Amino acid sequence: MSLSKEEAKKRIEKLKEEIRFHEYKYYVENNPVISDFEFDKLLKELENLEKEFPELITPDSPTQRVGGQPVEGFETVKHKIPMLSLQNAYSFEELFDFDNRIKKSINKPFIDYVTELKIDGLSISLIYENGVLIQGVTRGDGERGDVVTHNVKTIRSIPLKIKEKRRTEVRGEVFLSKDAFERINRERELKGEPLFANPRNAAAGTMRLLDPREVAKRGLDIFVYYIYIEDKEPKSTHFENLKLLKELGFKVNPASKLNKGIEEVIKFCKEWEDKKRNLDYDVDGIVVKVNEISIQKELGSTSKFPRWAIAYKFPPEQAVTKIKDIIVQVGRTGAITPVAILEPVEIAGSTVSRATLHNEDEIKRKDIKIGDWVWIIKSGDVIPKITGVIKEKRTGNEKDFRMPEYCPSCGAKLYKPEDEAIWRCPNVSCPAKLKGSILHFVSRDAMNIEGMGEALVQQLLNKKMLNDIADIYYLDPLKVEKLERMGKKSTENLMREIEKSKSNELYRLIYGLGIRLVGEYTAKLLARKFKSLDNLMKASKEELIEINEIGDKVADSIIIFFKEERNLNVIEKLRKAGVNFKDREEVKSGNKLNGFQFVFTGELNNFTRSEAKKIVESLGGKVTSSVSSKTDFVVVGENPGSKFEKAKKLGIKIINENEFLKLIEGD
Ligand code: IVH
C-alpha cells in the first residue's frame with residue numbers, strides 16, 4: 001500500500017526521529033534498546049520512502065551518512081578560531097610548575113581543573129547551522145584545514161542534527177578502536193597493501209580517503225571536548241560545557257573529571273596510567289584544562305597553544321629481558337622479518353615474548369646479539385620494540401644473528417633487491433604467502449574469479465586442496481561441494497567462473513601472478529610489448545627496460561620471479577590447465593590501447609572530447625568521465641579541472657596532449 005506524499009512526509013519525520021534516537025543509544029551510549037535487525041528495518045523503510053519521494057530527502061537524514069559518489073579532492077577552509085595544539089608535561093613536577101604559573105599570573109590561591117583522557121587520534125571541527133551538521137574540517141596546520149564533511153558524516157556517533165539552532169562549532173578527537181585497527185590491518189595484509197603502524201595513523205589515513213563508502217566501512221569514532229556557540233561562551237565553566245555537549249547528543253568521554261586543585265589532577269594521572277590498558281582505544285596522556293572560562297580568557301594563548309591547558313604524557317612502559325633466540329618470519333607478501341624471541345616479560349599489563357627487529361640492518365645498527373639483555377618498550381604502538389642493548393651484561397657467550405639463505409617456510413633461495421633492506425621469498429606458492437597469493441590471483445582486477453572469498457580459500461588451504469595458485473584449475477567439484485557453506489549450485493557457479501577465467505586477457509594473468517612491483521598498469525604494458533607469457537618469461541633485463549615506465553628495480557623483480565623453479569612449475573601447471581598465455585587481442589590490428597582506461601580533463605587543441613573518445617575506443621581503449629583507481633591515463637589539456645588533482649592524489653599516470661598523440665600514433 002503506498003502512501004500519499006503528505007503521509008509519507010509524516011512517516012519520514014517519525015522514522016528519522018526514531019533512527020536518530022537509536023543511533024544515539026547504540027553509538028553514543030553503547031546501550032542499544034532494539035536489535036540490529038529492528039534497526040535495519042527502520043532504516044530500510046526510510047530508504048524506501050525516500051526512494052519513492054526523493055524530494056523529501058534532507059541532508060540531516062540518517063540515510064545521507066554515506067554519500068553516493070567519491071569526492072574529487074579536498075577543499076581547504078580557514079578555521080574561524082584557530083585550532084591550537086597543547087604544551088606537554090612529562091613529569092608531575094611540570095604539572096606543579098604549570099599550576100604555579102597560573103596561580104601567580106591571575107593571583108589566585110586555588111584553581112579547579114578538568115582532566116580528560118588524551119585520545120590518540122586526529123582533531124576535527126564540526127560546524128552546525130540551524131541545527132544541521134554542515135561541515136567537518138580537519139585541524140590541518142591549525143589555521144586552515146581540509147573539508148572532510150562527507151567522511152565525518154559517516155561517523156555514527158556524530159549527530160547530523162542538534163537542538164541548538166545558532167551556529168555552533170564542536171571540536172573533538174576522531175579515532176579508531178584497537179579492534180577496528182587490527183581488522184583493517186588484517187584486510188590490508190591480505191590485499192598486500194602496506195600496514196598502518198598504529199590506530200592513529202590508520203584514523204588519519206582513513207580521513208584522507210576520497211570515497212565515503214570506504215570510510216564508512218572502517219568504523220571511525222569520536223569523543224568531543226569543546227563547544228562554541230556563535231559569539232558567546234555557552235556556559236561559564238568547561239565542565240558544564242561538557243555536560244551541555246552530552247545533552248546535545250554528542251559523545252563525551254566518560255572519564256572526564258572535575259578536580260579541586262593540582263593534587264587531584266596528579267592522582268587522576270596516576271590512576272589512568274594503569275587503567276588505560278583496559279580501554280579499547282589508545283590514550284597517550286591526560287589533558288588538564290582550567291575549568292573557569294573567565295580564567296581561560298584571562299590567561300589567553302600563545303601563537304601555538306593555550307596557557308590554560310597542558311597535556312601530561314604518560315611515560316612509555318619499559319622492561320628489561322633477555323633475547324633467547326632470533327628467528328625469521330615470512331610475511332604474507334614474502335618479506336622476511338627477523339623476530340626476537342624473548343624471555344617472557346610483563347609490560348603495560350600484557351606479557352611480551354616477541355619483538356620485531358624489522359630487518360638485518362637494524363640488528364647490525366643496534367648491535368643486537370642472541371643472548372643479549374635488552375630494553376623493551378611498548379608505547380602507543382602495538383608492537384613492542386627493542387630500544388637498547390645492556391652491553392655491561394654481556395658474558396661473551398652471545399651469538400651473532402645470521403640471515404638464512406633459504407626461506408624457512410618453503411626452502412626457496414631468498415633474495416634482496418638492490419638498495420633495499422628486506423630479504424624476500426620469491427616463491428609465489430610459498431605456504432606463508434599462499435593465502436595472500438591466491439586471494440590476489442582471484443581478485444577482481446586480476447583473474448576475477450567470483451565466489452572465491454577468503455572463507456572458502458581458507459577451507460581449501462586447510463584441506464590441502466590448494467597447494468599453489470594453479471591448483472585452482474584442478475579443484476574437484478565433488479570435494480568443493482562438501483565444504484562448509486558450499487552446495488551444488490554455488491560449486492557449479494564457482495566452476496563456471498574458474499573455467500571462464502582461463503580465457504582472460506593476458507595482462508590479468510601477469511598481474512595475478514603477484515610479481516613484486518608489477519601492478520595492473522605495468523602488467524598491461526608487459527602484455528602489450530611481449531604479447532605472450534612465454535616471451536615475457538624469456539625477456540632480458542635490457543628488453544624489459546626498453547619499456548619507458550619500467551626501471552631497474554621492476555625489471556630485476558621480474559627476472560627473479562621467472563628464475564625461481566617453483567614459479568616455473570606453477571606456470572606449467574597453468575598452461576596444462578588451458579589458461580590463456582597469449583595477448584589474443586594484439587593479433588588483430590587497431591587495439592593497441594586494449595584494456596586501458598582514459599579520462600580527459602581540460603581543453604585539447606587537436607580534437608574535441610568526443611573525437612578523442614572515438615579515437616581511444618577505435619584503438620580498443622575505454623574513456624570514462626571520472627577518475628578512479630581503475631584509470632590508467634589522465635590526459636590533461638589546458639585549464640584542467642579537479643580530475644587533475646584527483647589523478648595526482650591517486651598517483652595515476654598523467655600525460656599531456658602531445659604524449660597522448662605519441663601514444664595513439666607511435667608504436
Ligand atoms: S584540547 C586548545 N582535549 O591533542 C585545546 N585535545 O596535542 C586543544 N587531543 O590537537 C585541544 N584528546 O588533537 C584536547 N581531550 C582532549 C584531547 C585533545 C586528544 C589532541 C588534539 C590536540 C592534541 C594536542
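One-based numbering, in listed order, for ligands and for the atoms of each. Quick note: numbers below take in every heavy atom, side chains included, and nothing from hydrogens, waters or symmetry partners. In this text, all values refer to a predicted model and were calculated from it rather than measured experimentally.
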Counting non-hydrogen protein atoms only, what is the nearest one to [atom]? Give residue, atom name and distance.
atom	answer
atom 2 (C) of ligand 1	Pro306 CG, 3.5 Å
atom 5 (C) of ligand 1	Leu86 CD2, 4.0 Å
atom 17 (C) of ligand 1	Tyr225 CE2, 3.4 Å
atom 10 (O) of ligand 1	Ser123 OG, 3.6 Å
atom 19 (C) of ligand 1	Ile119 O, 3.2 Å
atom 15 (N) of ligand 1	Glu116 OE1, 2.7 Å

Touching ligand 1 at all, Leu117? Heavy atoms, strictly under 4.0 Å? yes
N/O donor-acceptor pairs under 3.5 Å from side chains in residues 138-145, not counting sequence neighbours:
residue	atom	partner	partner atom	Å
Thr138	OG1	Asp146	N	3.0
Arg139	NE	Met83	O	3.1
Arg139	NH2	Met83	O	3.4
Asp141	OD1	Glu143	N	2.9
Asp141	OD1	Arg144	N	2.8
Arg144	NE	Thr76	OG1	3.4
Arg144	NH2	Thr76	O	3.3
Arg144	NH2	Thr76	OG1	3.2

Would you say the ring centers of [X] and [Y] fall short of 6.0 Å from each other?
X	Y	result
Tyr312	Tyr90	no
Tyr225	Phe239	no
Phe223	Tyr281	yes

Lys/Arg-Asp/Glu bridge criterion (N-O < 4.0 Å) met for Asp284, Arg200: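 Looking at Arg200 together with Asp284, the answer is no, because their closest N to O distance does not fall below 4.0 Å.
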N or O contact, [X] vs ligand 1, cut-off under 3.5 Å:
X	answer
Trp308	no
Leu122	no
Ser85	no

Does Glu230 have more than 12 heavy atoms from other residues, nucleotides or ligands lying within 6.0 Å of its CD?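 Yes, because the 6.0 Å sphere around CD of Glu230 holds more than 12 heavy atoms from other groups.
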More than 12 heavy atoms of other residues, nucleotides or ligands under 6.0 Å from NZ of Lys267: is that the case?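 Incorrect, the count does not exceed 12.
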Selected option - heavy-atom contact closest to atom 1 (S) of ligand 1, from Gln87, Lys289, Lys118, Lys304: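 Comparing heavy atoms across Gln87, Lys289, Lys118, Lys304, the nearest one to atom 1 (S) of ligand 1 lies in Lys289.
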In ligand 1, which numbered atoms sit nearer than 4.0 Å to a non-hydrogen atom of Glu173? 9 (N), 13 (O), 19 (C), 20 (C), 21 (C)
Using a 4.0 Å cutoff against the non-hydrogen atoms of Leu84, which atoms of ligand 1 qualify? 8 (C)
Does Lys648 qualify as a cation-pi partner of Phe644, given the criterion of NZ or CZ under 6.0 Å from the six-membered ring centre and within 45 degrees of its axis? yes
cation_pi(Arg208, Phe74) dist<6.0 Å, angle<=45: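 No.
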